[in-house]
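Here is the structure we will look at.
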Amino acid sequence: MTSKPIDDFVPAWIREIDAYRPGRPIEEVERELGIRAIKLASNENPLGPSPLALEAISKSLPALHLYPNGGLDLRRVLAEKFDLTIENVIAGSGSEGIMSNIIRTFLCDEDEVLTTEAAFIGFQVLARSRGVKYRTVPYRDWHYDLPALASHINDRTKIIYLANPNNPTGTIFSKHEFDEFYKHVPERVLIILDEAYFEYAKDNPRYPDSMHYRYDNVITLRTFSKIYGLAGVRIGYGFAHEDLIKNLLKVKLPFEPSTLAQAAGIAALADKEFLHRSLELNARGLQLFTRSFRELGVTVVPSEANFVMLALASAEQAAQLTRELLVQGIIVRPLGSFGLPNCIRVSTGTGEDNQRCVEAMSKLAALVS
Ligand SMILES: Cc1ncc(COP(=O)(O)O)c(C=O)c1O
């Protein structure tokens, strides 16, 4: 070993980042507590993976000795589905994989990133790891404050990140709000519209489908991790102007997404029955959670995604609630790492899991009221 401290190799902005901590694995909690646990912490699909995707993965196994083709097949299918050219589409290892490419491709040292406070943690970590200035604007009633964001754009702003629906609040901004906001965004600023929860919100008439915003400076990101139940295979996609995609493709790892991921994504897109079942189950879960938690006196933010955010009276109360739910085998997501220490996020589960969660919460009524 040399005497040089390892920290000297690490830029200050990397040292300052708190590593991403995923929701606790079920097996770990079950081993620790000796009871069956349910995980409502990571906005996964409780029905499991799309069956058609599983079938496609099996079929693609014999070709695993060959390198993948960089997502070409999925890009072709998506281009056709959305009436675009293949040059407007990128596929990657989850939408976070593409986010990472956007940051590496377009951000220079002096550039700034602008978004809301407590934005999706994955984006926070990626942007901060680039070492550029990361600026935020507070929520207004748990929604993006788009007028305030517009007023914070300066000469150095290069990327604005908007998740719609937003994680962790579950709220959306409307088409009208986005149109107003867009008028104030200079063409030199890139807007990332992260639509990881698009499918859950798309039937709400207030929701702006960003496929209708094919502006030169807007990149839409979507994923197969949520409604299609494919978080473990890592597959996501993006739409943008061909010149943006062309440059992203220079930076993207040439062999992502994997062969299995691409096959799963293509098949999942055709799995209408699974999509429908997933949406129905989620709508019932959202209704049950919102009503039951409110009856206990908890502030539940109205959600358009597959989770609800609960705003508790204090960070201590949120921490205690998370602990007490865990004792009963319910794993939820405390939001301290996002920047909201008095909040927790609960993903919808199967009907049975949701019921168990509500019962567990009822036993903690004294704690939350
Ligand atoms: C807003 C948002 N964007 C992106 C992602 C990550 O998606 P992927 O699994 O495609 O990387 C998530 C996952 O939680 C998310 O909540």
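Values below: every heavy atom of this structure, side chains too, minus hydrogens, waters and symmetry copies. Both ligands and their constituent atoms are indexed starting at 1 by order of listing. Computed from a prediction, not measured in an experiment: that's the story for all the values here.
Aromatic ring pairs are classed by plane angle as parallel below 30°, tilted from 30° to 60° and perpendicular above 60°; the pair Phe293 and Phe289 is parallel. Tyr144 and Tyr139 have perpendicular rings, their planes meeting at more than 60° on a 0 to 90° scale where under 30° would count as parallel.
Salt bridge Arg277/Glu273: present, at least one basic N to carboxylate O contact under 4.0 Å.
Inter-residue side-chain proximity for Tyr228 and Leu275 is flagged as met; some heavy-atom pair is nearer than 4.5 Å.
Arg222 forms a cation-pi arrangement with Phe198, by the criterion of a distance under 6.0 Å to the ring centre and an angle within 45° of the ring axis.
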Identify all pairs of nitrogen or oxygen atoms, one from ligand 1 and one from the protein, separated by less than 3.5 Å, and list them with distances.
residue	atom	partner	partner atom	Å
ligand 1	3 (N)	Asp194	OD1	3.3
ligand 1	3 (N)	Asp194	OD2	2.6
ligand 1	7 (O)	Ser95	OG	3.1
ligand 1	9 (O)	Ser225	OG	2.6
ligand 1	9 (O)	Arg234	NH1	2.9
ligand 1	9 (O)	Arg234	NH2	3.3
ligand 1	10 (O)	Ser95	N	2.6
ligand 1	10 (O)	Ser95	OG	3.0
ligand 1	10 (O)	Thr223	OG1	2.5
ligand 1	10 (O)	Ser225	OG	3.3
ligand 1	11 (O)	Ser95	N	3.2
ligand 1	11 (O)	Glu96	N	3.0
ligand 1	11 (O)	Arg234	NH2	2.7
ligand 1	14 (O)	Tyr197	OH	3.4
ligand 1	14 (O)	Lys226	NZ	2.8
ligand 1	16 (O)	Asn167	ND2	2.6
ligand 1	16 (O)	Tyr197	OH	2.6

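Judged by distance alone, the side chain of Glu117 and the main-chain N or O of Thr136 form no donor-acceptor pair under 3.5 Å.
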